[in-house]
Amino acid sequence: MEQVKARFRTSLESALPDQEILIERPRSADMGDFAFPCFRAAKALGKNPAQVAQELASTLRIEGAELAATGPYLNLKLHPEVRARLMLEALLGATPYGSAPAHGETVLVEYSSPNIAKLFTIGHLRSTMIGHALAQVNRYLGCQVQRLNHLGDWGTQFGTLLAAYKRWAELENPRLENDFSWSDEIHERRRTPLFRLFQLYVRFHQEEESQPEMRDEARAWFKRLENGDPEARRLWTWFREVSLAEFQRIYDRLGVGFDAMDGEAFYEDKMATAVQRLRDSGLLEEGENGAFIVRLEDVGIQTPSLMLKADGATIYATRDLAAALYRQETYAFDRCLYVVGSDQVLHFQQLFGVLGKLDPWFKGRMLHTPFGMIKLPEGKMSTRKGNVVFLEDVLDEAVTRVLAIIEEKNPELPNKEAVAEMLGMGAVVFFDALNDRVKPITFTWDRIIALDGDTGPYVQYAHARILSVLRKAGGTWAHKARPTQPLSPALAAVPYRAESLPDALDGLQDPAAQALLFELAGLPEALRTVQRENMATALARQLLAIARAFSAFYTNCPILWTENSPEVRDARLALCLATARALRQGLFLMGIQAPEEM
RNA sequence: GCGCCCGUAGCUCAGCUGGAUAGAGCAUCAGGCUUCGAACCUGAGGGUCGGGCGUUCGAAUCGCUCCGGGCGCACCA
């Protein structure tokens with residue numbers, strides 16, 4: 001397909017010297033595979049665009065394709081059989097479809113980054129799964145990717161937690177579990193140390209409102225922690241351990257992995273040199289009240305970046321600065337993506353501004369992918385106030401709903417629970433990636449766990465139907481649709497064996513088959529869009545388009561009918577196989593599994 | 001107050017480096033299971049692309065402005 005595009009480009013270049021040739025994709029298969037809009041060329045030539053298209057259509061020749069002028073566009077449309085052959089070769093060949101060979105570019109993706117001693121809420125899902133998808137797609141496209149989890153394991157909040165802990169719940173206290181009135185109503189799973197810590201945190205903030213002097217208590221505890229007080233240190237370590245254990249369980253469930261989990265505490269001893277560099281460059285100025293700031297007006301940011309508090313203590317901006325400098329040295333990266341909510345756009349503008357002034361090397365390498373916050377119908381979620389929706393509750397509810405549907409539609413299904421898990425997760429994760437809105441999303445159960453229409457399960461359903469057909473086809477067809485080794489977070493490409501094509505591809509002449517090929521052809525471009533725009537939306541939407549086109553093909557073109565000639569049957573089976581592989585690969589990049597039956 | 005973001009069908013959203021008749025899903029209505037999975041498919045209705053002005057051969061897309069909403073604005077992260 002790429003060669004055809006290149007040939008199209010070459011002939012356009014020779015017909016229109018000195019013109020910039022921009023080739024687009026038409027909106028649908030019946031218009032063709034590639035389109036050249038003639039507006040600019042027409043203007044340069046002083047002609048009518050439609051006329052230019054006509055002239056080009058009658059002059060140029062591309063083997064295996066027809067050139068037609070449709071108004072101001074010159075459309076290249078491959079002959080159905082050529083289109084089928086090119087696409088199936090690409091889809092079933094040795095190179096994973098749409099992937100690129102390693103080219104040494106290093107991309108860092110910072111995502112998830114939960115705070116120690118807090119529970120995963122639905123708000124953490126976006127960063128975690130978008131970050132995962134971006135890491136996966138970049139790896140698929142040949143980048144060297146480092147997946148970074150910048151754990152929130154340092155800061156004043158630990159003073160709060162230490163103070164709360166000392167106040168109400170000593171480590172050894174056996175009454176811990178009974179100290180909280182609402183613990184009896186909650187799920188057994190939440191009777192974990194982490195959940196108790198979370199409750200302590202919430203309680204402290206609640207009581208603090210009427211007793212402001214508690215804040216000093218918290219500050220004092222953080223001071224002790226910073227000064228290396230053994231008790232504070234011991235408790236901090238313990239908080240961190242129980243939190244990480246809990247996080248890992250969730251990451252395992254989501255199929256997400258990291259290459260580094262260096263949290264903010266990791267940069268604790270690296271901030272002094274970072275601050276010194278700021279001083280040496282003359283960027284650090286004393287601001288109001290004795291705090292130290294970096295002014296950024298000259299780079300178009302009116303609000304200066306606060307780097308040191310009046311008491312000399314560091315702030316999260318200092319830690320992010322130290323982290324960026326550390327990463328520059330450690331990874332020598334080409335791009336660093338921060339998948340963090342849109343409430344922090346200013347923070348990252350400031351951070352990037354400071355880095356750019358400190359070292360021009362950083363310019364253009366630092367990128368923030370902001371996303372809208374999830375809020376509840378009654379307002380903003382707040383961990384401090386305790387009005388949050390926990391991620392695991394959402395996942396569990398999704399799985400429960402899917403299980404009910406399985407019982408209704410396919411009660412004989414083996415491994416119901418495992419399949420329900422894949423579908424429930426698929427629904428939630430796919431929904432999350434589908435819209436990359438920067439505006440806030442209002443959480444409702446029915447929205448996030450929708451199972452019909454533009455959803456993960458719709459794509460998974462198309463995949464499962466294909467596997468079902470391939471199984472019925474007998475022989476090794478179904479086997480060919482399975483990965484050659486188990487999938488794991490260490491992989492980006494689903495491992496498939498290269499397959500040879502049937503000799504004849506009649507049977508793919510039908511418009512529905514051609515439309516499916518057209519949508520499959522859009523997948524590589526969608527992956528590049530994901531990489532360029534740093535959002536997973538384009539991939540999710542392309543998978544939907546493929547699944548939709550498959551469903552139409554499936555209803556229009558019988559595959560295993562006895563009246564079909566063996567050639568027609570095999571050609572259609574090959575298309576099914578190619579589609580199944582593409583769908584599984586695409587879902588996998590998003591962190592979604594594709595069950596063979598559902 | 002200042003800065004950034006958003007406003008597209010009844011609802012939720014795509015489309016935005018300007019370009020073909022503005023697309024999906026949900027909801028509504030009308031059809032489709034004696035052969036491969038109806039978690040599906042086919043069709044219909046539904047739009048001053050928030051309003052206005054401008055740039056352009058051409059604007060949902062770019063600029064200005066107004067209206068409506070969100071977020072941020074130094075010692076939280």
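Quick note on labels: first sequence line is chain A, next is B, and so on, each numbered from 1. Only heavy atoms go into these numbers, but all of them, side chains included; no hydrogens, no water, no symmetry mates.
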Find the distance [X]:[atom1] to [N]:[atom2] and express it as a whole number of Å.
X: A:Met271; N: B:rA77; atom1: CE; atom2: C1'; answer: 13 Å
X: A:Phe39; N: B:rA59; atom1: CZ; atom2: C1'; answer: 13 Å
X: A:Glu408; N: B:rG37; atom1: CD; atom2: C1'; answer: 14 Å
X: A:Leu321; N: B:rA77; atom1: CG; atom2: P; answer: 15 Å
X: A:Arg219; N: B:rC76; atom1: CZ; atom2: C1'; answer: 11 Å
X: A:Lys375; N: B:rG72; atom1: NZ; atom2: P; answer: 12 Å
X: A:Phe222; N: B:rC76; atom1: CZ; atom2: C1'; answer: 11 Å
X: A:Leu296; N: B:rC73; atom1: CG; atom2: P; answer: 15 Å

Using atom [atom1] in both nucleotides, what's the gap between [N] and [M] to the nearest angstrom?
N: B:rG18; M: B:rG58; atom1: C1'; answer: 8 Å
N: B:rG15; M: B:rA24; atom1: C1'; answer: 10 Å
N: B:rA77; M: B:rG72; atom1: C1'; answer: 14 Å
N: B:rC5; M: B:rU17; atom1: P; answer: 15 Å
N: B:rC16; M: B:rC11; atom1: C1'; answer: 23 Å
N: B:rU48; M: B:rC33; atom1: C1'; answer: 44 Å
N: B:rG10; M: B:rC64; atom1: P; answer: 30 Å
N: B:rC71; M: B:rA30; atom1: C1'; answer: 45 Å

Centre-to-centre under 6.0 Å for A:Tyr338 and A:Phe352, is that the case here?
yes
Quick one: are the ring centres of A:His150 and A:Tyr267 less than 6.0 Å apart?
yes
5'-most by nearest nucleotide on RNA chain B - A:Val345 or A:Leu451:
A:Val345
On RNA chain B, compare the nucleotides closest to A:Thr70 and A:Glu597; which residue's is nearer the 5' end?
A:Thr70
Does [X] make a side-chain N or O approach to OP1 or OP2 of [N] shorter than 4.0 Å?
X: A:Arg465; N: B:rC36; answer: no
X: A:Thr303; N: B:rC2; answer: no
X: A:Lys472; N: B:rG37; answer: yes
X: A:Arg447; N: B:rC13; answer: yes
X: A:Arg27; N: B:rA20; answer: yes

Could you tell me the Watson-Crick or G-U partner of [N], where both distances fall under 3.5 Å? Say none if there is no partner.
N: B:rA38; answer: none
N: B:rC53; answer: B:rG63
N: B:rC33; answer: none
N: B:rC26; answer: B:rG10
N: B:rG45; answer: none
N: B:rU21; answer: none

I'd like to know if A:Arg401 and A:Asp446 make a salt bridge, using a cut-off of under 4.0 Å between side-chain N and carboxylate O.
yes
Less than 4.0 angstrom from a charged side-chain N to a carboxylate O is my criterion; do A:Glu525 and A:Arg25 meet it?
no
Using heavy atoms and a sub-4.0 Å distance, could you list which residues of [range] are near RNA chain B? By number, please.
range: residues 551-566 of chain A; value: A:Ser551, A:Ala552, A:Tyr554, A:Thr555, A:Cys557, A:Pro558, A:Ile559, A:Leu560, A:Trp561
range: residues 456-463 of chain A; value: A:Tyr458, A:Tyr461
range: residues 412-424 of chain A; value: A:Leu423

Counting the atoms with a prime plus P, OP1 and OP2 as sugar-phosphate, which does A:Gly155 contact under 4.0 Å by heavy atoms, base, sugar-phosphate, or nothing?
sugar-phosphate
Please determine whether the number of non-hydrogen atoms from other residues, nucleotides or ligands lying under 6.0 Å from atom CD of A:Glu421 exceeds 12.
yes
Might you confirm whether atom CD of A:Glu412 has over 12 heavy atoms from other residues, nucleotides or ligands at distances under 6.0 Å?
no
Got a list of side-chain donor-acceptor pairs under 3.5 Å for residues 543-554 of chain A, not counting sequence neighbours?
| unit_1 | atom_1 | unit_2 | atom_2 | d |
| --- | --- | --- | --- | --- |
| A:Arg548 | NH2 | A:Asp454 | OD1 | 3.0 |
| A:Ser551 | OG | A:Ala547 | O | 3.2 |

Applying ring-ring contact (aromatic ring centres under 6.0 Å, His included) as the test, list every pair that has at least one member in residues 447-476 of chain A; sequence neighbours left out.
none
Heavy atoms from C-beta onward define the side chain here; which of [options] lies closest to that of [X]?
X: A:Met31; options: B:rA20, B:rG72, B:rC75; answer: B:rA20
X: A:Leu306; options: B:rA77, B:rG37, B:rA74; answer: B:rA74
X: A:Arg548; options: B:rC5, B:rA20, B:rC41; answer: B:rC41
X: A:Lys380; options: B:rG72, B:rA38, B:rC75; answer: B:rG72
X: A:Pro304; options: B:rA74, B:rA20, B:rA39; answer: B:rA74
X: A:Ala291; options: B:rA20, B:rU12, B:rC75; answer: B:rC75

For B:rA74, does the base pair up with any side-chain atom of A:Glu288 as donor and acceptor (N or O, under 3.5 Å, distance only)?
yes
Classify the side chain of A:Asp320 versus the base of B:rA77 as yes if they form a donor-acceptor pair under 3.5 Å and no if they do not.
no
Atom pairs, protein N/O to nucleotides 7-11 of chain B N/O, distance under 3.5 Å:
| unit_1 | atom_1 | unit_2 | atom_2 | d |
| --- | --- | --- | --- | --- |
| B:rG7 | OP1 | A:Arg437 | NH2 | 3.4 |

